[in-house]
Amino acid sequence: MSTRHSAKVRRGAAAAVAVLLAITAAGCGGGGDDKPKTPQDSASKSQGDAPKTPATSGSPKPTPTEVLATVNGEAGMTLAVSKAARDAGGFLTVEGQLKNTGSSPYVNTAPWRGNELNSSGVSVAGVTLVDKAGKKRYYVLRDTDGRCLCTTGLAIIEAGQSVPFFAQFPAPPAATTEVEMSLPTFATATIKISG
């Protein structure tokens with residue numbers, strides 16, 4: 001290791017230690033008030049004050065999820081689609097939430113994988129998109145091992161449980177702005193494409 005390189009490493013390490021110490025010192029700083037605060041003090045103080053927004057931690061706030069379509073399946077299952085967006089690679093990604101609104105566990109997930117033989121196991125590989133204007137049906141993409149690019153591992157969905165839904169398709173032509181989505185045991189939904 002050259003002397004110049006090792007000097008850079010030492011300077012970088014020293015800077016990192018200095019930043020860590022500054023953060024630690026800032027976190028330990030007190031207000032000079034020796035009296036411990038009780039929960040009652042902070043509650044009475046906040047009742048008269050205007051509500052304050054919490055400080056951000058540097059990560060972006062989650063945006064409210066727009067629901068493009070909600071479809072009902074059998075036995076209280078619902079699918080809320082929140083995204084149908086074109087990706088840079090020529091794909092269309094559909095996302096949402098599957099929810100069991102019924103009172104008992106939902107175990108009939110096998111039809112969701114469709115009629116194709118695949119190595120995806122219990123999945124949503126049977127979901128399709130239909131471009132009515134272009135008269136084309138799109139199937140879920142597969143990786144080189146034949147597994148779907150979609151949600152897998154859906155053996156049982158407990159009552160009240162929500163699970164993420166994801167499926168990736170070849171993107172329809174740019175002129176196509178909406179498609180019909182079908183998942184076995186669910187009603188058909190028309191969803192708008194963004195991007």
Evaluation steps, side chain to side chain contact (heavy atoms under 4.5 Å, CB included), between Val163 and Thr151: CA-CA 9 Å; Val163 293; Thr151 303; 5.7 Å; no

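Scanning all heavy atoms of the two residues, the minimum distance from Val124 to Phe166 falls at CG2-O, 3.8 Å. Smallest separation of non-hydrogen atoms from Val127 and Ala167: CG1-CB, 3.8 Å. Contact between Ala159 and Gly102 at its shortest, heavy atoms only, is CB-O, 3.5 Å. Nearest heavy-atom pair across Asp131 and Gly134 is OD1-N, 3.0 Å. For the residue pair Ser123 and Cys150, the shortest heavy atom distance occurs at CB-SG, 4.0 Å. When all heavy atoms are compared, the tightest approach of Lys99 to Gly160 is CE-O, 3.8 Å.
Phe169 contributes atom CZ, which lies 11.0 Å from atom OH of Tyr139 (distance to the nearest 0.5 angstrom). From Leu79, atom CG reaches atom CG of Asn72 across 9.5 Å, with rounding to the nearest 0.5 Å. Taking CD of Glu180 as the start and CD1 of Ile191 as the end, the distance is 10.0 Å to the nearest 0.5 Å. The distance from atom NZ of Lys136 to atom OG1 of Thr176, rounded to the nearest 0.5 Å, is 9.0 Å. The CD atom of Glu178 sits 11.0 Å away from the CG atom of Leu68 when rounded to the nearest 0.5 Å. Note that NZ of Lys83 is 13.0 Å distant from CD of Glu66, once rounded to the nearest 0.5 Å.
Looking only at side-chain heavy atoms (C-beta outward), Leu92 and Asp87 stay at 4.5 Å or farther from each other. Taking 4.5 Å as the limit, every side-chain heavy atom of Val179 sits out of range of all side-chain heavy atoms of Val130. Looking at Glu95 and Pro164, their side chains never come closer than 4.5 Å, going by heavy atoms from C-beta outward. Residues Phe186 and Met77 are in side-chain contact: their nearest non-hydrogen atoms beyond the backbone lie under 4.5 Å apart. Put simply, the side chain of Leu141 does not reach to within 4.5 Å of the side chain of Cys148, judged on heavy atoms. Contact of the Pro105 side chain with the Ile157 side chain is not registered, since no non-hydrogen atoms from C-beta on lie closer than 4.5 Å. At least one side-chain heavy atom of Pro172 sits under 4.5 Å from a side-chain heavy atom of Tyr138. Side-chain contact between Val94 and Val81 is present, with at least one heavy-atom pair separated by less than 4.5 Å.
Checked by atom type and distance alone, the side chain of Thr78 never pairs as donor or acceptor with a backbone atom of Val71 at under 3.5 Å. No donor-acceptor pair under 3.5 Å is formed between the side chain of Arg86 and the backbone N or O of Thr93. Side chain of Asp143 to backbone of Arg147: a donor-acceptor contact under 3.5 angstrom is found. Using modelled atom types, no side-chain atom of Ser182 and backbone atom of Thr128 make a donor-acceptor pair closer than 3.5 Å. Side chain of Thr185 to backbone of Gly73: no donor-acceptor contact under 3.5 angstrom is found. The main-chain N or O of Ser104 is found under 3.5 Å from a side-chain atom of Asn100 such that the two form a donor-acceptor pair.
Using bins of under 30°, 30° to 60° and over 60° for the plane-to-plane angle, the ring pair Tyr106/Trp112 lands in the parallel bin.
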